[in-house]
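Heavy atoms only: backbone and side chains are in, while hydrogens, waters and symmetry mates are out.
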Amino acid sequence: MGEDTDTRKINHSFLRDHSYVTEADIISTVEFNHTGELLATGDKGGRVVIFQREPESKNAPHSQGEYDVYSTFQSHEPEFDYLKSLEIEEKINKIKWLPQQNAAHSLLSTNDKTIKLWKITERDKRPEGYNLKDEEGKLKDLSTVTSLQVPVLKPMDLMVEVSPRRIFANGHTYHINSISVNSDCETYMSADDLRINLWHLAITDRSFNIVDIKPANMEDLTEVITASEFHPHHCNLFVYSSSKGSLRLCDMRAAALCDKHSKLFEEPEDPSNRSFFSEIISSVSDVKFSHSGRYMLTRDYLTVKVWDLNMEARPIETYQVHDYLRSKLCSLYENDCIFDKFECAWNGSDSVIMTGAYNNFFRMFDRNTKRDVTLEASRESSKPRAVLKPRRVCVGGKRRRDDISVDSLDFTKKILHTAWHPAENIIAIAATNNLYIFQDKVPGLVRFPERSGVGFVFCVPVSSSDSPAIC
């Protein structure tokens, strides 16, 4: 175990001083690109910060590269809808990377109403030696031009340019909660509370409504759309989740308007567990297809569930995230925490799932061994050569030395947004205004503690330094 500890070191962590936290600094989304070389975060201030993984060091060829700030830009600004007298927040709700087609990178970012397509390019050379322009770009006096020369490209400091390529507006009446890029790389969909629209990446003034659950009389409204995602391999399939805890798989080949689903995934409710909070805690806050496309991962308030696309009746796996909060639902309802929307993530091989919790805890579940671990993203774990230690929440009875009481949990510290590198054991955790990047320094291994409670650590946070881009 000592050797395992020594093999792990800190690479990088991007932390901001808690004493200067503002609403605009709170991270609202985290997303790796398809290769894992870039990581984008969005915050409530409308900013997008992109981190790039540095190449491996020549001195330590087997060490993982660090993530450093690559580019920062303002994606959205606050707006005002004068027709409805409503303020439109600049908060970034979702970021989705497009598959890379050339040297440039592209991503979609959205706030409540407007989706934008951004292009990220690098420039490390500049042209010099124009015939008709001087060094400042001004036109020369033609009488002074006595000879012709061939312009040349000269090296310059690397400059990352971010430019808006498309703005997709006026497609949603309600707040956008998710966007998903199709596997055909030409279309994407956006979902709000009652509708899902299909867009072509090259067309900004027209979208196609593919799901509409708005009733003729809004008093008859019983559920809303909470999340949606395209199938990773079949461009005609997508799924959307609802506030009633159900999943609907739709096939766009069946009809232009997919109001009639192909499959309905819904777990029957146990009448003995029925309570005032049942419908609230059963609302699905996130849904993710596995990389293989065979399974779906959902998160509700207390659990994460794995569904098989071939079995609609019930989930094949259910994992309790923080079941110790079941007795505190009343107080969580009063402070609105019961409405928090936690995300979930698969690892690259679909064998481990991850999701967030309170007190800056996050949970991991190994699907093969059925083991689980609770880890904490904190400033203590961001110190040099620090190693994450499993944490345990004590409900009652005997407490071990490092246990934390359920009554001591800080509900203002919550991990809602997480992301997992598509191929390696590297994870990104957004904890309020701090971004933690942890990695396992033993390639290919995800280590879980034994049931005795002591033991191994999954990953290590990446180096501690203030991020000028996010501050």
Side-chain angles (χ1 to χ4, degrees), residues 14 16-31 39-51 69-98 106-120 160-180 188-197 199 201 204-205 207 224-228 285-286 336-337 339-341 343 412 414 416-417 430-435 466-471:
F14 305 91
R16 286 172 279 187
D17 194 335
H18 277 289
S19 59
Y20 295 100
V21 176
T22 63
E23 185 76 9
D25 287 332
I26 296 175
I27 299 173
S28 55
T29 184
V30 183
E31 189 79 12
L39 171 67
T41 67
D43 61 28
K44 290 189 175 182
R47 292 163 295 189
V48 173
V49 182
I50 302 174
F51 300 93
V69 176
Y70 180 62
S71 180
T72 307
F73 62 95
Q74 188 72 30
S75 174
H76 288 73
E77 300 282 356
E79 300 176 46
F80 190 80
D81 187 333
Y82 291 96
L83 291 176
K84 298 181 179 178
S85 297
L86 291 174
E87 291 184 5
I88 302 173
E89 293 182 347
E90 64 272 33
K91 172 194 168 189
I92 307 298
N93 291 340
K94 292 290 178 182
I95 291 174
K96 291 294 178 183
W97 291 91
L98 272 63
S106 299
L107 64 80
L108 291 167
S109 63
T110 183
N111 65 353
D112 287 340
K113 299 291 184 181
T114 305
I115 306 162
K116 296 184 180 182
L117 173 63
W118 298 90
K119 183 180 180 181
I120 302 103
V160 180
E161 296 179 334
V162 181
S163 55
R165 305 296 291 173
R166 307 271 193 279
I167 297 178
F168 305 88
N170 304 319
H172 289 274
T173 305
Y174 306 97
H175 291 179
I176 298 172
N177 54 46
S178 56
I179 52 178
S180 180
Y188 75 94
M189 69 177 175
S190 56
D192 63 26
D193 294 337
L194 298 178
R195 297 188 180 99
I196 299 177
N197 292 338
W199 301 80
L201 287 165
T204 61
D205 60 353
S207 65
V224 295
I225 298 169
T226 56
S228 64
S285 56
D286 193 21
D336 285 344
C337 285
F339 300 105
D340 286 334
K341 299 183 184 302
E343 296 177 2
T412 63
K414 59 191 79 172
L416 303 177
H417 312 289
T432 316
N433 64 321
N434 295 324
L435 174 66
D466 289 332
S467 167
I470 314 184
C471 286

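- The aromatic rings of Phe168 and Tyr188 lie perpendicular to each other, with more than 60° between the two planes, well past the 30° mark.
- The side-chain heavy atoms of His172 and Asn197, taken from C-beta on, include a pair separated by under 4.5 Å.
- Within a 6.0 Å sphere centred on OH of Tyr82, other residues, nucleotides and ligands contribute 12 heavy atoms or fewer.
- Atom NZ of residue Lys119 and atom CZ of residue Arg166 lie 10.0 Å apart, to the nearest 0.5 angstrom.
- Taking every heavy atom of both residues into account, Ala191 and Ser228 meet most closely at CB-OG, 3.4 Å.
- Interatomic distance, OG of Ser71 versus CD1 of Ile120, reported as 7.0 Å (0.5 Å rounding).
- With contacts defined as side-chain heavy-atom distances shorter than 4.5 Å, the pair Met189/Trp199 does not qualify.
- The main-chain N or O of Thr226 is never found under 3.5 Å from a side-chain atom of Asp193 such that the two would form a donor-acceptor pair.
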What's the verdict on side chain to side chain donor-acceptor pair (under 3.5 Å) for Trp118 and Ser106, showing C-alpha distance, side-chain angles and the deciding distance? CA-CA 5 Å; Trp118 298 90; Ser106 299; over 6 Å; no

Show your reasoning for whether side chain to side chain donor-acceptor pair (under 3.5 Å) applies to His175 and Asp192. CA-CA 5 Å; His175 291 179; Asp192 63 26; over 6 Å; no

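- Using a 4.5 Å cut-off on side-chain heavy atoms (C-beta onward), Phe80 and Ile88 make no contact.
- If you run side-chain hydrogen bond (donor to acceptor under 3.5 Å, both in side chains) between Asn93 and each of Asn177, Asp112, Thr29, Asn111, only Asp112 comes through.
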Check the pair Glu23, Lys91 against salt bridge (charged side-chain N to carboxylate O under 4.0 Å, His left out), reporting the backbone distance first and the verdict last. CA-CA 10 Å; Glu23 185 76 9; Lys91 172 194 168 189; over 6 Å; no

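- Heavy atoms only, all atoms of each residue included: Thr114 and Glu79 are closest at OG1-OE2, 4.2 Å.
- For the pair Lys116 and Pro164, the minimum side-chain heavy-atom distance is 4.5 Å or more.
- Taken from CD1 in Ile225 to CD1 in Ile176, the straight-line distance is 12.5 Å, to the nearest 0.5 Å.
- Residues Leu98 and Leu117 meet the side-chain proximity criterion, which asks for heavy atoms closer than 4.5 Å.
- A pairwise comparison of heavy atoms in His417 and Val30 identifies CB-CG2, 4.2 Å as the closest pair.
- In this structure the side chain of Val48 never reaches within 4.5 angstrom of the side chain of Thr72, judged on heavy atoms.
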Evaluate Lys94 against Ser180 for side chain to side chain contact (heavy atoms under 4.5 Å, CB included), listing each step before the verdict. CA-CA 9 Å; Lys94 292 290 178 182; Ser180 180; over 6 Å; no

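- At distances below 3.5 Å, at least one donor-acceptor pair connects side-chain atoms of Asp43 with backbone N or O atoms of Gly46.
- Distance alone, capped at 3.5 Å, is enough to place a donor-acceptor pair between the Ser28 side chain and the Ile92 backbone.
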Go through the steps to decide whether Val224 and Leu194 satisfy the test side chain to side chain contact (heavy atoms under 4.5 Å, CB included), and finish with yes or no. CA-CA 6 Å; Val224 295; Leu194 298 178; 4.2 Å; yes

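- If you take CG on Leu201 and CD1 on Ile115, they are separated by 10.0 Å, rounding to the nearest 0.5 Å.
- Within the model, atoms OG1 of Thr173 and CG of Asn170 stand 10.0 Å from one another, a figure rounded to the nearest 0.5 Å.
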Salt bridge (charged side-chain N to carboxylate O under 4.0 Å, His left out) between Lys44 and Glu89: does it pass, once the steps are laid out? CA-CA 8 Å; Lys44 290 189 175 182; Glu89 293 182 347; over 6 Å; no

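- Side-chain atoms of Ile95 and Leu108, non-hydrogen and from C-beta on, never get closer than 4.5 Å to each other.
- Residues Phe51 and Thr41 have side chains in contact (heavy-atom distance under 4.5 Å, counting atoms from C-beta outward).
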Are Ile27 and Asn433 close enough, and set up right, to give a side chain to side chain contact (heavy atoms under 4.5 Å, CB included), and what steps lead you there? CA-CA 5 Å; Ile27 299 173; Asn433 64 321; 5.7 Å; no

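- Heavy atoms only, all atoms of each residue included: Glu31 and Trp97 are closest at O-NE1, 3.1 Å.
- The environment of CD in Glu161 is crowded: more than 12 heavy-atom neighbours from other residues, nucleotides or ligands sit within 6.0 Å.
- Between Asp25 and Arg47 there is a salt bridge, since a side-chain N of the basic residue sits under 4.0 Å from a carboxylate O of the acidic one.
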